[in-house]
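In this text, all values refer to a predicted model and were calculated from it rather than measured experimentally. Atoms within a ligand are numbered from 1 in the order they appear, just like the ligands themselves.
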Amino acid sequence: MATGTNRQWRLINRPTGEPTDDDFDLVETDVPDPGPNEVLVRTVYMSVDPYMRGRMRAGDSYADSWPLDEPMRSLVVGEVVESKHAAFDEGDLVRGNLYWAEYAAVDGHELELVDPRGAPVSTALHVLGMPGMTAYVGTVEVGHVKPGDTVVVSGAAGAVGSVAGQIARIAGCRVVGIAGSDEKTAWITDDLGFDAAINYRAVDDLTAAVADRCPDGVDLYYENVGGPVSDAVFEQLNDFSRVAVCGKISLYNAPPDDDRMYGPRWLHQRTRTRVEGFIVSDYDHLEEQALDRVADWVTDGRIRYRETVTDGIEHAPEAFLGLFEGGNVGKQLVAVSEPPQ
Ligand SMILES: NC(=O)c1ccc[n+]([C@@H]2O[C@H](COP(=O)([O-])OP(=O)(O)OC[C@H]3O[C@@H](n4cnc5c(N)ncnc54)[C@H](OP(=O)(O)O)[C@@H]3O)[C@@H](O)[C@H]2O)c1
């Protein structure tokens, strides 16, 4: 039986606008005792993701709202410390929708065994997990990517965008990434093989920059950010183009009375564009097939990844808030304890 303290983060406010550290509270409890069919998991890595901003609201999001004064949920990879469930043994590496916490005791049906396939265990939270699956679904299933397309990806140096762009390259496309720093644009062109990139924070005329990098127009736009970046890309869409609306992070902190225009714009001359939003969980039936393909591409070096790792559960809120400032290159993770050897 594990003993000691368990630090866990709780949401204590529902912010309007930008969240701050004051919206979170770090609480110490005892390490939980697993009940019948439960498994005690020690968190190794915890994921912070943009969609969690929606979970801070009372309603109004596709994911359940986080209750106030209770531990917040997150995808975690961890090690089984104690098991009262037949499918898991001490020492197993597992993934689940657990907590912003050092330990969690959950029913075994909430966990799955992780097979890192030779890659670091952290990849189960990005390229070989939900973000990798999202990148695949958005390009292949929703975006119908095809050879010869010009594909623009926004949020291109993030967890999802960096993989989406590489999948489009593998599919035989010309790929242009939009990201928020020179370090990020250098990474996606020099290391990931994007054909061109734009630092949207450094150009005066984003529409002109997109037109310059996409002389044949845009056939597929992989939309991660919304706002002015999205507007600039929409102006270059070709006939029969597709827009895969994955996310709109630039709008997630907008207060409810924000009167900026949202949603697909500049379509008046583009009546033959298909704009389709999607949620990765609607494609669970494809997960095994999709992640097998992505894992093969990681193994043969055609997909590369990067992680930004913040050390210590005590720094989890700053890792999360950094997503809205562009603090991460590749996947933002929180390292909570040492991975098993
Ligand atoms: N549909 C689904 O099922 C699904 C699943 C997973 C994720 N998503 C969405 O996919 C998008 C990317 O998620 P991720 O996990 O890969 O996050 P991420 O891209 O790794 O991190 C967020 C990045 O967004 C950029 N950003 C922040 N504020 C911005 C703004 N105002 N304008 C433009 N860019 C901004 C920042 O990069 P820069 O430095 O480049 O600004 C930041 O690093 C998010 O919108 C997320 O909600 C959707």
Could you tell me whether the side chains of Tyr99 and Thr43 share a donor-acceptor contact shorter than 3.5 Å?
no
Heavy atoms of Asp219 and Gly148 approach each other most closely as OD2-O, 4.2 Å
Residues with a heavy atom under 4.0 Å from ligand 1, by chain and number, are Pro50, Met130, Thr134, Gly158, Ala159, Val160, Ala179, Gly180, Lys184, Tyr200, Arg201, Asn224, Val225, Cys246, Gly247, Lys248, Ile249, Ser250, Tyr252, Phe278, Ile279, Val280, Leu323, Phe324, Gly326, Asn328, Gly330
If I compare all heavy atoms of Ser230 with all of Glu223, which pair ends up nearest, and what's the gap?
OG-OE2, 2.6 Å
Only counting residues at least two apart or in another chain, list the ones meeting salt bridge (Lys or Arg N to Asp or Glu O under 4.0 Å) with Lys184.
none
Going by atom types only, do His126 and Glu307 share a side-chain donor-acceptor pair under 3.5 Å?
yes
One thing to verify: whether Asp296 and Arg293 come together as a salt bridge, which I'm taking to mean a side-chain N less than 4.0 angstrom from a carboxylate O.
no
